[in-house]
S.K.: 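Below you'll find the structure I mean.
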Amino acid sequence: MKVTIPAVKGTRDFYPELMQVRKWLYQKIQSISELYGYQEYEAPFIERIDLYAAKSGEELVKEQAFVFPDRGGDLITLRPELTPSLARMVAQKQTELNYPLRWWSYGPFWRYERPQKGRTRELFQWNIDLIGSNSPASDAELISICAAFFEAVGLTPSQVCIRVNDRGLMESEMRRIEVPPEQKRDVFRLIDRVNKLPEDAWRQYGIQLGLSQSQIGGLLDILHDKMLWQQSPNLVEIFEILEIENYRDWVEFDPRIVRGLDYYTGVVFEGMERTGGRSVLGGGHYDNLVADVGGEPLAGVGFAMGDVMTMIVLESHNLLPNVRPNSDTVLVTIFDKNCQRESIRFSNQLRAAGIRVLCYPEAVKLQKQLRFADKSGVRYVIIMGPEEIAKGQFAIKDLELSTQTMIDKIAAASEIKRILAQES
RNA sequence: GUGGCUGUAGCUCAAUGGCAGAGCGCUUGACUGUGGAUCAAGAAGUUGUGGGUUCGAGCCCCAUCAGCCACCCCA
């Protein structure tokens, strides 16, 4: 069949099978979030462009967001991230909220980017934030949530790790090698690239930024100093806490993690696959979440995790759930047109008892109905022809064992429930 | 935004510039009240789209759209 209108570039169709996986992921996220006492919230999917212009970097919004004028001429943006909306929601009720807030959200985001592996234009993202606390223990809590999530989906510390750094530490190190503050951004970008470029190209890049040979050498020393975290009281305390929680194995100090976002001011972290280096989630500590949207400065820590890369990583470790759509569903066949009413009646009798029932919608050959059941993943099929209906006893066939027994119409519901319960 | 690779049946892929093909799937039957296996038959296509070169284009050229991959960027 010819599809004349293609899907929008970079979008995904969630056919039922994939939808089950998406739901499964959502449930994992929900259960971890709630386990830590976080409350779910949701922000609008569309926002005025000004909200983003206020902070997240002008380029980001202008070039990588879906923006369109509404009928009144205002520029509306499909939200490319949640933090500005969160900041607004907090600022609007700043004085009446009960701090520290622990909020989480899972929903769709849009980015006008060129699609490639692990990157679509429409994605789902888990956002979780602890707002109104400035302690290392708060930072540690978010990191331990990452670890708890990884653990809950079946990943191990040998497959993924959470790399942690402290921007404050990096800034003081940069002062030590006399990098001027206005070059902070550029140097963070340079740090970000230390593993992506060959060393001489990387040095060249550093020189272009105006760094001296000795500064570049100093920077390299910093980036290879695995013990540098001991200079950061924050990191020391965070690692202690993670140790107590038995999550220390998931975490490692990495001076190369700085994150791109300007609003991070302290601890930053990134959850990534050990092989391949694909980043699954990222977050950090910020000192002034709401100041840019008109509130009083409020510190917090949070992270975001996209569903696309998460699914790729889970898939590559064979951790996506096996989808068996109708394993707990019974199919009631229609023997012929004359028996259809009885089948419909019986189906509803079972449903009234809480059993999931697929009633075949037309009186076609039994062969076809059984074939449908088999391909649907249904295990038990009810067969009720004139003889069975006359006797008040229906056949229940187990497609997995290829066995068939008779059950009494009256006791059918409880009998089927018993059979279904046995299976699981 | 920049670059590379790829678009042929529902899916995965063949076809030296010369008749449009296979496997899987699908439909039907072998099986008159029973799924998976086997066997047989059948349906299935304007070769992504639009131009061009050529006696002749799935194949070569240009454009465009889409997918994949890398860069860029990373919320």
Side-chain angles (χ1 to χ4, degrees), chain A residues 1-13 15 43 47 51-52 55-57 59-65 77-87 105 107-121 123-127 129 188-189 192-193 196-197 201 257-264 268 270 272 278-284 286 302-306 308-309 312 331 333-336 339 360 363-389 394-404:
Chain A
M1 190 186 297
K2 203 67 157 189
V3 177
T4 50
I5 301 180
V8 173
K9 182 174 184 153
T11 59
R12 293 167 292 169
D13 292 326
Y15 287 84
E47 293 278 9
L51 181 69
Y52 304 101
K55 183 70 187 183
S56 8
E59 236 176 336
L60 205 71
V61 176
K62 282 202 178 107
E63 290 173 18
Q64 305 205 46
T77 306
L78 287 176
R79 62 179 193 185
E81 61 163 327
L82 192 60
T83 306
S85 303
L86 171 62
S105 184
F109 295 85
W110 294 267
R111 296 167 190 184
Y112 197 83
E113 288 190 293
R114 187 142 169 191
Q116 59 175 279
K117 190 174 182 68
R119 197 161 76 184
T120 55
R121 287 187 171 183
L123 66 143
F124 284 79
Q125 200 175 65
W126 177 26
N127 282 265
D129 290 89
F188 275 163
R189 182 165 295 183
D192 197 41
R193 235 161 273 202
K196 293 177 187 169
L197 294 173
I257 301 295
V258 287
R259 308 285 309 157
L261 230 53
D262 286 345
Y263 53 66
Y264 292 129
V268 287
E270 217 169 284
M272 52 204 315
R278 290 177 289 196
S279 175
V280 175
L281 59 83
Y286 39 82
F303 69 83
M305 183 189 84
V308 183
M309 198 48 93
I312 288 174
L331 183 123
T333 57
I334 308 295
F335 185 80
D336 61 25
C339 299
Y360 206 85
V364 297
K365 282 185 170 183
L366 267 187
Q367 187 184 27
K368 195 170 176 184
Q369 300 185 44
L370 283 162
R371 198 169 147 76
F372 171 81
D374 190 43
K375 293 172 83 171
S376 304
V378 166
R379 178 165 174 183
Y380 297 100
V381 175
I382 306 294
I383 294 161
M384 39 194 296
E387 292 171 24
E388 288 87 352
I389 293 173
F394 304 146
I396 178 166
K397 175 160 184 164
D398 181 338
L399 294 184
E400 202 169 304
L401 299 179
S402 290
T403 57
Q404 188 168 325

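Residue numbering restarts at 1 for every chain, and letters A, B, ... go by the order of the sequence lines.
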S.K.: Can you tell me which nucleotide in B/G33, B/C72, B/U28 comes closest to the side chain of A/K368?
M.R.: B/U28
S.K.: Quick check: any donor-acceptor pair below 3.5 Å linking the side-chain of A/Q404 to the base of B/U34?
M.R.: yes
S.K.: Measuring only the P atom in each nucleotide, how far is B/A40 from B/C24? A whole number of Å is fine.
M.R.: 11 Å
S.K.: Please report the distance separating the P of B/U6 from the corresponding atom of B/A75, rounded so that it comes out in whole Å.
M.R.: 34 Å
S.K.: Heavy atoms under 4.0 Å, any strand shown: does A/F335 hit a base, just sugar-phosphate, or nothing?
M.R.: base
S.K.: If I pick the P atom on B/G48 and the same atom on B/G10, what distance separates them, to the nearest angstrom?
M.R.: 13 Å
S.K.: Is there a donor on the side chain of A/R114 or the base of B/U2 sitting less than 3.5 Å from an acceptor on the other?
M.R.: yes
S.K.: Among the nucleotides B/A75, B/U34, B/G36, which one has an atom lying closest to any side-chain atom of A/L370?
M.R.: B/U34
S.K.: Just call it for A/G10: base, sugar-phosphate, or nothing, with non-hydrogen atoms closer than 4.0 Å on any strand.
M.R.: sugar-phosphate
S.K.: If you measure from the C1' atom in B/G17 to the same atom in B/C60, how many Å do you get, rounded?
M.R.: 8 Å
S.K.: When you measure from the side-chain N and O atoms of A/R193 to the phosphate of B/C73, is any distance below 4.0 Å, counting only OP1 and OP2?
M.R.: yes
S.K.: Which whole number of Å gives the distance between the C1' atom of B/G67 and that of B/G52?
M.R.: 25 Å
S.K.: Can a side chain N or O of A/K117 be found less than 4.0 Å away from OP1 or OP2 on B/C69?
M.R.: yes
S.K.: Go through the structure and list residues passing salt bridge (Lys or Arg N to Asp or Glu O under 4.0 Å) with A/E388, not counting sequence neighbours.
M.R.: none
S.K.: Quick one: is A/Q367 getting a side-chain N or O under 4.0 Å of the B/G35 phosphate, OP1 or OP2?
M.R.: yes
S.K.: Should A/R371 be listed as having a side-chain N or O under 4.0 Å from OP1 or OP2 of B/U27?
M.R.: yes
S.K.: Among A/K9, A/R111, A/Q64, which one satisfies side-chain contact (heavy atoms from CB on, under 4.5 Å) with A/R121?
M.R.: A/K9
S.K.: Taking OP1 and OP2 of B/G36, is either one under 4.0 Å from a side-chain nitrogen or oxygen of A/K397?
M.R.: no
S.K.: Taking the side chain as every heavy atom from C-beta outward, state whether A/N127 and A/F109 have any atom pair closer than 4.5 Å.
M.R.: yes
S.K.: Say we look at B/C5 and B/G23: how far apart would their C1' atoms be, to the nearest angstrom?
M.R.: 25 Å
S.K.: So, A/R119 side chain and A/M309 main chain: donor-acceptor pair closer than 3.5 Å or not?
M.R.: no
S.K.: For atom P, what is the distance between B/G51 and B/A70, given to the nearest Å?
M.R.: 35 Å
S.K.: Extract the stems that RNA chain B is part of, considering only consecutive pairing runs of at least three Watson-Crick or G-U wobble pairs, both distances under 3.5 Å.
M.R.: B:1-7 with B:65-71, B:10-13 with B:21-24, B:26-30 with B:38-42, B:48-52 with B:60-64
S.K.: Below 4.0 angstrom from OP1 or OP2 of B/A75, is there any side-chain N or O of A/R259?
M.R.: yes
S.K.: Among all residues two or more places apart in sequence or in another chain, which pass the salt bridge (Lys or Arg N to Asp or Glu O under 4.0 Å) test with A/R193?
M.R.: none
S.K.: Quote, to the nearest angstrom, the P distance that separates B/A9 from B/C59.
M.R.: 15 Å
S.K.: Measure distances between side-chain N and O atoms of A/Q64 and base N and O atoms of B/A75, and say whether any donor-acceptor pair falls under 3.5 Å.
M.R.: yes
S.K.: Among B/C69, B/C68, B/G33, which nucleotide sits nearest the side chain of A/E388?
M.R.: B/G33
S.K.: As a test of reading the structure: which of B/C73, B/G35, B/C71 is closest to the side chain of A/E113, going by heavy atoms?
M.R.: B/C73
S.K.: Taking A/R79 for its side chain and A/A43 for its backbone only, find out whether a donor-acceptor pair lies under 3.5 Å.
M.R.: yes
S.K.: Using OP1 and OP2 only, check whether a side-chain N or O of A/R119 sits under 4.0 Å from B/C73.
M.R.: no
